[in-house]
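Below is one structure; the comments refer to it alone.
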Amino acid sequence: MAAAPGQPLAVDFEALSYISSLVEAFQAFDSDGDGLITAPELRGLLSSLGLDKSEAEANDMLARADADRDGKLSVEELLDVMNAGELGLGALGELLQSALPTLEAAGAALVGADELARTLGAVGAGTSAEDCAAIVECLDGDGDGAISIEEFRLMADLL
């Protein structure tokens with residue numbers, strides 16, 4: 001449930017940063033950009049996170065996490081296997097989902113902290129400017145102080 005108006009948003013920014021880093025790593029190892037990774041790509045991804053796995057371990061992990069049995073992992077399946085759902089960021093996901101239509105209607109290509117704070121204020125969420133700046137900082141993969149609307153949509157959907 002999203003924070004009520006006037007209530008501070010309780011966000012575990014360390015957990016948000018963790019999920020964001022998993023998504024970034026996933027995207028970096030999705031070599032063909034199809035939104036899916038194979039067992040060799042999974043092994044590279046895990047290695048980049050400091051989790052060195054053998055080919056057999058990566059294959060086993062993929063087999064266990066591959067909910068739709070297509071032989072590949074989606075970012076959602078990766079987050080499931082990495083226990084990201086247990087981090088309690090559902091309220092933030094709902095909040096970001098509530099802001100998405102307003103941002104899309106405004107034609108926003110990039111979302112900065114100020115724009116996020118204005119948008120969340122417009123949808124009745126009581127989120128501080130500091131929280132909005134921290135959210136953008138956690139999700140800003142390239143360090144330019146803003147996130148693309150595509151990245152925003154992806155994170156809103158994943159949380």
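On a predicted model such as this, the values are computed, not experimentally measured, just so you know. The residues of the chain are indexed from 1 along the displayed sequence.
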Give the minimum heavy-atom separation between [X] and [Y], together with the two atoms involved.
| X | Y | result |
| --- | --- | --- |
| Ala58 | Leu42 | O-CD2, 3.7 Å |
| Val136 | Gly145 | CG1-O, 3.6 Å |
| Arg43 | Lys53 | NE-O, 2.7 Å |
| Ala133 | Ala113 | CA-CB, 3.5 Å |
| Ala39 | Asn59 | CB-OD1, 2.8 Å |
| Ser48 | Phe29 | OG-CE1, 3.5 Å |

To the nearest 0.5 Å, what is the distance between [atom1] ([X]) and [atom2] ([Y])?
| X | Y | atom1 | atom2 | result |
| --- | --- | --- | --- | --- |
| Ser74 | Asp68 | OG | CG | 6.5 Å |
| Ser54 | Met61 | OG | CE | 12.0 Å |
| Leu49 | Leu22 | CG | CG | 6.0 Å |

Student check: side-chain heavy atoms of [X] and [Y] closer than 4.5 Å:
| X | Y | result |
| --- | --- | --- |
| Gln27 | Leu154 | yes |
| Asp52 | Leu46 | no |
| Leu110 | Ile149 | no |

If only atom types and distance count, is the side chain of [X] paired as donor or acceptor with the main-chain N or O of [Y] below 3.5 Å?
| X | Y | answer |
| --- | --- | --- |
| Asp30 | Phe26 | no |
| Asp140 | Ile147 | no |
| Glu137 | Ala134 | no |
| Gln97 | Ala156 | yes |
| Thr119 | Glu115 | yes |

Is it possible for you to say whether Leu36 and Leu158 belong to one hydrophobic cluster, with membership spreading through side-chain heavy-atom contacts below 4.5 Å?
no
Carboxylate-amine/guanidinium contact Asp157 Arg153, below 4.0 Å:
no
Between Glu41 and Lys72 (salt bridge meaning N to carboxylate O under 4.0 Å), is one present in this structure?
no
Please test Leu159 against Leu16 for side-chain contact (heavy atoms from CB on, under 4.5 Å), starting from the C-alpha separation and ending with a verdict.
CA-CA 9 Å; Leu159 297 176; Leu16 181 58; 3.9 Å; yes
If you count heavy atoms of other groups shown closer than 6.0 angstrom to CD of Glu150, is the number above 12?
yes
Under the side-chain contact (heavy atoms from CB on, under 4.5 Å) rule, what do Leu78 and Leu45 come out as? Steps first, then yes or no, please.
CA-CA 10 Å; Leu78 175 69; Leu45 183 155; 4.0 Å; yes
Using the rule given for salt bridge (charged side-chain N to carboxylate O under 4.0 Å, His left out), can you reason through Asp114 versus Arg118, listing the C-alpha separation, both sets of side-chain angles and the distance that settles it, and then say yes or no?
CA-CA 6 Å; Asp114 290 342; Arg118 276 191 307 275; 5.2 Å; no
Given Leu139, which partner from the list Ser17, Ser20, Ser148 fulfils the side chain to side chain contact (heavy atoms under 4.5 Å, CB included) test?
Ser20
